[in-house]
Amino acid sequence: MADKIRISDVAKFDGQEVVVEGWLYNKRSSGKLHFLQVRDGSATIQCVVFQGEVEPSVFEDAAELGQESAIRLRGIVREDARSPLGFEIGVIDIEVVHQSESYPITPKEHGTAFLMDNRHLWLRSARQQAIMKVRSTIVKACRDYFDSNDFLLVDAPIFTPASCEGTSTLFETDYFDEKAYLTQSGQLYMEAAAMAFGKVYCFGPTFRAEKSKTRRHLTEFWMIEPEVAYMDLQGDMDLAEDFISFVVQRVLEERRTELESLERDIAPLERTLKPFPRISYSEAHEMLKAEGIAHTWGDDFGAEDETVLANKFDRPVIVHRYPAACKAFYMKADPENEKLALCMDVLAPEGYGEIIGGGQREDDLNTLQEKLSEHGLDAAPFEWFLDLRRYGSVPHAGFGLGIERTVAWLCGLPHVRETIAFPRLLQRLYP
RNA sequence: UCCGUCGUAGCUCAGCCGGCAGAGCAAGUGGCUGUUAACCACUGGGUCGUAGGUUCGAGUCCUACCGACGGAGCCA
């Protein structure tokens with residue numbers, strides 16, 4: 001009985017008879033030969049059906065296979081220099097598990113709208129498989145980093161009673177005749193968890209109902225958010241750069257093949273090592289002015305501003321101490337200049353923009369209460385959050401990293417919609 | 001929400017100054033023992049986004065609406 005193998009393991013079975021279970025990715029025929037490109041999710045391998053080597057019925061079945069037909073095939077692994085894998089399979093027998101006809105995604109070019117309508121099938125394409133594999137590795141690396149640095153995973157709720165930041169538009173749902181909102185960040189809950197466990201992180205989906213229609217926005221996206229007690233802004237920036245360096249280097253180690261198939265230029269990723277350059281908001285403002293870009297001190301940076309700033313450095317850049325007015329209410333004011341917040345953003349290179357936002361949190365009860373009212377927020381839903389400042393309040397800091405933007409950056413993709421299996425966009429709820 | 005571009009075969013597109021609806025791929029049939037988005041020959045395939053309007057005549061010109069894409073703003 002032949003071994004059932006994953007195609008990615010084929011090198012271990014040179015000269016042996018094996019069984020592969022997969023789908024027909026593409027087929028080319030030449031009279032008495034059929035070349036079947038078979039994928040099983042791990043890789044794709046060419047399987048050769050020669051009329052002189054198989055039963056007539058097998059050769060006939062091979063001739064009639066449609067794209068994406070499900071097949072279980074048996075054959076001999078053999079080395080072949082012409083194969084990208086270095087191996088191909090000489091077919092002995094084929095079992096047609098399911099005959100597929102008129103598969104919509106042909107080996108020709110397609111438009112984005114059509115491919116998104118067929119996202120459930122598009123995921124079978126080589127390029128999408130490479131992206132999903134990089135994403136999986138990024139997520140694993142993020143978890144490994146925090147798990148191995150003494151952080152505790154604490155899951156934040158998805159239903160929340162009020163806005164976390166008071167800045168963005170939330171999805172409203174009916175929660176047993178009460179209003180509930182889909183979370184836009186787990187951060188406030190992580191602050192509570194940090195006071196309980198010291199070093200914590202959460203990883204989950206977050207939701208924004210903003211009508212953003214750009215290449216860097218989804219209405220549902222995944223964020224990983226560490227929060228640490230007794231940590232200040234300096235420590236927060238140290239953590240962010242150490243974390244990003246780790247994740248990027250892990251992806252380079254484990255997913256080089258996928259990055260190459262995506263034609264990603266590896267050089268900028270290889271330079272992504274700590275320390276990252278750190279500039280203040282005011283320095284960034286001056287840099288923009290020096291470039292002849294109109295920017296008013298006090299305004300947040302736009303997408304184009306971020307790109308110009310990032311292009312001045314060869315690795316991610318940390319911008320710290322933004323004006324408090326353009327940041328969330330819970331940011332701690334800079335004791336050296338009350339107009340500034342002890343916050344920081346990490347801007348990815350090559351125009352990928354903000355991948356991390358974070359900072360030191362306000363830990364004084366009275367100041368936090370004042371900021372809530374300054375932002376026009378009702379204090380009642382935040383009483384539990386204020387309790388954290390009543391019972392053993394300490395300096396603490398954290399940040400959130402957007403997974404999709406990180407995947408887009410590392411894969412070199414022009415749009416975040418391909419970084420998640422089933423993207424949720426302004427105009428996209430299907431499939 | 002604002003600005004711009006585009007809606008023609010299953011898919012990607014061409015269709016000029018308004019005059020018979022086209023190509024490639026996919027599908028079907030046949031051919032080829034080493035193909036690499038294989039190739040060659042043949043066949044079938046259309047509510048030209050929707051609704052009005054102008055005209056002898058509209059895929060083509062005009063108006064409105066719908067949808068998609070790109071950008072801005074908002075945000076991560």
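Lettering follows sequence order; numbering is per chain, from 1. As a basis for the values below, the full set of heavy atoms in this structure was taken, side chains included, without hydrogen atoms, waters or symmetry mates.
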Extract from the structure each pairing of a protein N or O with an N or O of nucleotides 7-12 of chain B at less than 3.5 Å, listing the distance.
unit_1: B:rC11; atom_1: O2'; unit_2: A:Glu109; atom_2: O; d: 3.4
unit_1: B:rC11; atom_1: O2'; unit_2: A:His110; atom_2: ND1; d: 2.3
unit_1: B:rU12; atom_1: OP1; unit_2: A:Gly111; atom_2: N; d: 3.1
unit_1: B:rU12; atom_1: O4'; unit_2: A:Glu109; atom_2: O; d: 3.4
unit_1: B:rU12; atom_1: O2'; unit_2: A:Glu109; atom_2: OE2; d: 2.8

Please report the distance separating the [atom1] of [N] from the corresponding atom of [M], rounded so that it comes out in whole Å.
N      : M      : atom1 : value
B:rU12 : B:rG7  : C1'   : 14 Å
B:rC74 : B:rC6  : P     : 28 Å
B:rG28 : B:rA14 : P     : 28 Å
B:rC65 : B:rG70 : P     : 23 Å

Counting side-chain heavy atoms from C-beta on, which of [options] comes nearest to [X]?
X        : options                : result
A:Asn26  : B:rG34, B:rC74, B:rA37 : B:rA37
A:Lys32  : B:rU35, B:rG73, B:rU33 : B:rU33
A:Ser29  : B:rG34, B:rU35, B:rC32 : B:rC32
A:Ala303 : B:rU35, B:rC74, B:rA72 : B:rA72
A:Thr214 : B:rA27, B:rG34, B:rG73 : B:rG73
A:Arg28  : B:rA37, B:rG73, B:rG34 : B:rA37

task = Select from A:Glu404 and A:Arg428 the residue whose nearest nucleotide in RNA chain B is closer to the 5' end of that strand.
result =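 Its nearest nucleotide lies further toward 5', so the answer is A:Arg428.
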message = If you assign A:Thr219 and A:Ser102 each to the RNA chain B nucleotide with the nearest heavy atom, which residue ends up on the more 5' nucleotide?
response =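 Residue closer to the 5' terminus by nearest nucleotide: A:Ser102.
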key: Results of ring-ring contact (aromatic ring centres under 6.0 Å, His included) for A:Phe151 - residues two or more places apart only   =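 With sequence neighbours excluded, A:Phe151 shows a ring-ring contact (aromatic ring centres under 6.0 Å, His included) to A:Phe146, given in chain and number order.
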message = Checking A:Tyr145 now: which residues fulfil ring-ring contact (aromatic ring centres under 6.0 Å, His included) with it, not counting sequence neighbours?
response =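 For A:Tyr145, the residues satisfying ring-ring contact (aromatic ring centres under 6.0 Å, His included) (neighbours in sequence not counted) are A:Phe243, A:Phe246.
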Contacts under 3.5 angstrom, residues 61-71 of chain A side chains, donor-acceptor by atom type, not counting sequence neighbours:
unit_1: A:Gln67; atom_1: NE2; unit_2: A:Ile105; atom_2: O; d: 3.0
unit_1: A:Glu68; atom_1: OE1; unit_2: A:Arg39; atom_2: NH2; d: 2.8
unit_1: A:Glu68; atom_1: OE1; unit_2: A:Arg124; atom_2: NH1; d: 3.1
unit_1: A:Glu68; atom_1: OE2; unit_2: A:Arg39; atom_2: NE; d: 3.2
unit_1: A:Ser69; atom_1: OG; unit_2: A:Gly66; atom_2: N; d: 3.3
unit_1: A:Ser69; atom_1: OG; unit_2: A:Gly66; atom_2: O; d: 2.8
unit_1: A:Ser69; atom_1: OG; unit_2: A:Gln99; atom_2: OE1; d: 3.2
unit_1: A:Ser69; atom_1: OG; unit_2: A:Ser100; atom_2: N; d: 2.8

If you look at every strand shown and take non-hydrogen atoms under 4.0 Å, does [X] touch a base, only sugar-phosphate, or nothing?
X        : answer
A:Gly402 : nothing
A:Arg78  : base
A:Gln51  : nothing
A:Ile105 : nothing
A:Thr206 : nothing

ask   = Taking side chain as C-beta onward, heavy atoms only, is A:Val317 less than 4.5 Å from A:Phe276?
value =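 No. Closest side-chain heavy atoms not under 4.5 Å.
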query = So, do A:Ile89 and A:Glu17 sit near enough that their side-chain heavy atoms are less than 4.5 Å apart?
reply =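 Side chain of A:Ile89 against side chain of A:Glu17, heavy atoms only: no contact under 4.5 Å found.
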Whole-Å distance between [N] [atom2] and [X] [atom1]?
X        : N      : atom1 : atom2 : value
A:His415 : B:rA68 : NE2   : C1'   : 12 Å
A:Asn118 : B:rA26 : CG    : P     : 17 Å
A:Asp299 : B:rC74 : CG    : P     : 8 Å
A:Ile45  : B:rG34 : CD1   : P     : 21 Å
A:Asp117 : B:rG67 : CG    : P     : 14 Å

task = Go through the steps for A:His34 and A:Ser29 under the test side chain to side chain donor-acceptor pair (under 3.5 Å), then give the verdict.
result = CA-CA 4 Å; A:His34 297 298; A:Ser29 296; 2.7 Å; yes
message = Anti or syn, where syn is a glycosidic angle within 90° of 0; which label fits B:rC17?
response =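 Here B:rC17 takes the syn form, which means its glycosidic angle is within 90° of 0.
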query = Between A:Arg417 and B:rG70, does any side-chain N or O lie under 4.0 Å from OP1 or OP2?
reply =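 Yes, A:Arg417 has a side-chain N/O under 4.0 Å of OP1/OP2 on B:rG70.
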ask   = Do A:Arg278 and A:Asp238 meet the salt-bridge criterion of a basic N to acidic O distance under 4.0 Å?
value =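 Yes, A:Asp238 and A:Arg278 are salt-bridged.
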task = Could you run through RNA chain B and flag its stems, i.e. three or more consecutive Watson-Crick or G-U pairs with both distances under 3.5 Å?
result =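 RNA chain B forms these stems: B:1-7 with B:66-72, B:10-13 with B:22-25, B:27-31 with B:39-43, B:49-53 with B:61-65.
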ask   = Between A:His320 and A:Tyr281, is the gap from one ring center to the other below 6.0 Å?
value =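 Distance test on ring centres: not under 6.0 Å, no.
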query = Do A:Glu88 side-chain and B:rG34 base share a donor-acceptor contact under 3.5 Å?
reply =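 Donor-acceptor pair under 3.5 Å: yes.
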Partner set under side chain to side chain donor-acceptor pair (under 3.5 Å) for A:Thr173, not counting sequence neighbours =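 Scan of A:Thr173 (side chain to side chain donor-acceptor pair (under 3.5 Å), adjacent residues dropped) gives none.
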message = Set out, in order, the CA-CA distance, both residues' side-chain angles and the distance that settles salt bridge (charged side-chain N to carboxylate O under 4.0 Å, His left out) for A:Lys199 and A:Glu227, then state yes or no.
response = CA-CA 6 Å; A:Lys199 297 167 75 174; A:Glu227 191 75 26; over 6 Å; no
inquiry  = Which residue in the set A:Tyr175, A:Phe207, A:Tyr189 passes ring-ring contact (aromatic ring centres under 6.0 Å, His included) when paired with A:Phe159?
reply    =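 That would be A:Tyr175.
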